[in-house]
**Student:** 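The structure's right below; bear with me while I get my questions together.
Naming convention: chains lettered A, B, ... in sequence-line order (proteins, then strands); numbering from 1 in each chain.
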Number of protein chains: 2
Amino acid sequence: MQTEGKSQSMKGIRQLAEYLDISIGTVSRALNGKPDVNEETRRRVLAAADELGYVANQSGRSLRQGETKVIGLMIESSKETVENADNFFLGVTSGLQSVFARHKLDLIMLPCPSDEDPHEYLKRMVARRIVDAMIISDTQRVDRRIDFLSRAKIPFVALGRSLSASNFPWIDLDFEGVADHAVERLIALGHRRIAITAPSSEANLGYLFIESYRRALERHDIPFDPSLVIRVKSSEQGGYQAAHELLLLEERPTAVILIYELMAIGLYRCLMESGVMPGRDLAVIGFRDAPRARFLQPSLSCFRMSLYDLGVELGRMLLANMPVYREFYPGDGRNIIWPLELMAGESDAFRVGVMA
Amino acid sequence: MQTEGKSQSMKGIRQLAEYLDISIGTVSRALNGKPDVNEETRRRVLAAADELGYVANQSGRSLRQGETKVIGLMIESSKETVENADNFFLGVTSGLQSVFARHKLDLIMLPCPSDEDPHEYLKRMVARRIVDAMIISDTQRVDRRIDFLSRAKIPFVALGRSLSASNFPWIDLDFEGVADHAVERLIALGHRRIAITAPSSEANLGYLFIESYRRALERHDIPFDPSLVIRVKSSEQGGYQAAHELLLLEERPTAVILIYELMAIGLYRCLMESGVMPGRDLAVIGFRDAPRARFLQPSLSCFRMSLYDLGVELGRMLLANMPVYREFYPGDGRNIIWPLELMAGESDAFRVGVMA
DNA sequence: ACGCACTCCGTAAACGTTTACGACTGTATG
DNA sequence: CATACAGTCGTAAACGTTTACGGAGTGCGT
């Protein structure tokens, strides 16, 4: 009624063609930048499309050419993720979009319900042909999603290694480097008993993290003590519990490496309740950038990264694995170990032996 | 090659029909639970579909029936959102999905790139027919998205009021109730000079919040002092700045109400740097549940809510506004003011005058 | 034998796009 | 003048579904 009189009659490309008195084939070619169309008519079509607010119906297009121009980022909306609240994915999203925008690809996030099996969810989404390609994360040690995507030949990239398929594109955080660097640093400060936290889940990262920690210790002739590997949840709550267990050890460690930065919040709290001062009585080093931990006191020494840059690299790697876009990203193969940078804080800024 | 020999031949409903030696029409009817199909054949079709791993191609289906069975949740991936990191949306998502699952609707999250106008982004997504309905949030005081969706007759529900359209379905947080409750509580504890923070943006919530604060004050014959309304960003950084400005006021307030709980982290820090102790020298009350703030010391008094329940209600309201599902949600009309619950902490647990 | 109702199923059109193909110009080339 | 070719455009098929319509078969009552 009170609309501009244009958009109301806008149903599809047919109306646009009638409006211009041109065949729909030409209109389609004009819009999609195909060569065999007069530049003058292309100009007219573009102008009319803009004026009438025409945008191609995705269903029709997808059906015809078998692709959706949509990339899916699968995330887990588990309770733990919500609790931890580090907006990790939103950070990565910006980087991804900056790459995808160049090819008019849209990114959607697919939150797997906590009561549904991630593998089933993924299969459902892929089968519905709602996306052309997938980005998955939180890869498990053996992850059926990876086998499925490989076999179904759906382009994808994983954030996190896995033992599942022998050969698939992934980017993973440099757990080895971090564990190594942290241990070296603490040993240089005089520490000998260094505790570390490990996830209780089947996530792959835990194994790599601990293994690297172990090797770094042995390189300095410090025997590996299994009791110093504390298995807790990677959350604030887990941090609290870690501190609790840590304080109960007969020979108390002088340092602890946290696999997830947020745990520091709970850890600090438990320590302080027991009169143990982080950064003086116990050295603490964190891992993976979580903005929540930035305001801790004493400030936390931790390893950080640019989520945006990580997103960019994920995007490039994905496109490099899609036939249509491969040519644009010749160098971007696969298997990047993503480096992290140490931001030195006050939480480990002391030499051991002074107060002990 | 090494696939099971089933899924490789699985292209569409046609293959399924050939496999069963049945027409595709019957297969479709069987799968969709239409009445005129023999129960025996239906059983066979279902079994075969399961065996061959057939799932209907969404593009074909959408094209035919003009709906996608997908609901979009639009979120902003602005830098500020990432920084604040409260996983607000993931929390809401679970509630939404629990409702949508009953109708086999899928939820996708649409992150608007920070460099794109939200209105344009929304238009693009809707025009592409990628979703049937929309959930929008972060509504502005005047929000073109609301006009657009109303006029285009796209079912939607907004998280947040707006002045744009006279009449549209929304749920909003009970800013008035919170401001009112907070002021009353502080006055009861003897406070007379109560500061409050307000967003610097055009978000609608700021106006409602301040207005309620003002009325509550005037009800107790306390004159409204504009200098006590501190306009800062709703972030940790903003909290820090708020404390800074607050300490510079000639007649220092004895209490402050924060419009966003996370600001408390920055606020605490700035206060402590100046030797002002929250919970003793200054009362602090927060708003809106942010898990990051839970571990503050002294513990923060704040207003909280169940994100899950909020999601459920949003979902119901949306479906109540969609012709197909309306009948299932007769009671769920519109315009809910979402209540919040005070969780009393230590940050305002003192009577004024004792130390002042 | 016939009509009727009912159950079940096949046929074909339709949804909005893209694109292979061919048709029609006009111009250059032999 | 015939042919070739480039430039431009229209035609129609195809993508995978759903669904209105009608037809075949069966059972039953007249």
**Student:** So Ser28(A), base contact, sugar-phosphate only, or nothing? Heavy-atom distance under 4.0 Å.
**Tutor:** base
**Student:** Using the side-chain contact (heavy atoms from CB on, under 4.5 Å) rule, pick out the option among Leu110(B), Leu96(B), Val92(B) that qualifies with Leu73(B).
**Tutor:** Leu96(B)
**Student:** Test Phe156(A) against every option in Met74(A), Arg145(A), Met134(A), Met322(A) by the side-chain contact (heavy atoms from CB on, under 4.5 Å) rule and name the one that passes.
**Tutor:** Met134(A)
**Student:** Could you check Ile75(A) against Cys112(A) for side-chain contact (heavy atoms from CB on, under 4.5 Å), going step by step and ending with a plain yes or no?
**Tutor:** CA-CA 6 Å; Ile75(A) 65 181; Cys112(A) 174; over 6 Å; no
**Student:** What are the two closest non-hydrogen atoms of Leu159(A) and Thr139(A), and how far apart are they?
**Tutor:** O-OG1, 3.9 Å
**Student:** Shorter than 3.5 Å, N or O on both sides, protein versus nucleotides 8-10 of chain C: list them out with atom names.
**Tutor:**
from, atom 1, to, atom 2, distance (Å)
dC9(C), OP2, Asn38(B), N, 2.9
dC9(C), OP2, Thr41(B), OG1, 3.1
dC9(C), N4, Asp36(B), OD2, 3.2
dG10(C), OP2, Ser23(B), N, 2.9
dG10(C), OP2, Ser23(B), OG, 2.7
dG10(C), OP2, Thr26(B), OG1, 2.7
dG10(C), N7, Arg29(B), NH2, 3.0
dG10(C), O6, Arg29(B), NH1, 2.9
dG10(C), O6, Arg29(B), NH2, 3.4

**Student:** Quick check: does any side chain N or O of Arg44(A) sit under 3.5 Å from a backbone N or O of Leu20(A), one acting as donor and the other as acceptor?
**Tutor:** yes
**Student:** Tell me, which pairs form a salt bridge (charged side-chain N to carboxylate O under 4.0 Å, His left out) where one or both residues lie in residues 91-112 of chain A, sequence neighbours left out?
**Tutor:** Asp106(A)-Arg124(B), Asp106(A)-Arg128(B)
**Student:** Hey, is the main chain of Asp117(A) close enough, under 3.5 Å, to the side chain of Glu120(A) for a donor-acceptor pair?
**Tutor:** no
**Student:** Students should find this one: the first and last nucleotides of DNA chain D, 5' to 3', lying under 4.0 Å from a heavy atom of chain B. What are they?
**Tutor:** dG16(D) to dA20(D)
**Student:** With a 4.5 Å cut-off on side-chain heavy atoms, are Gln65(A) and Arg61(A) touching?
**Tutor:** yes
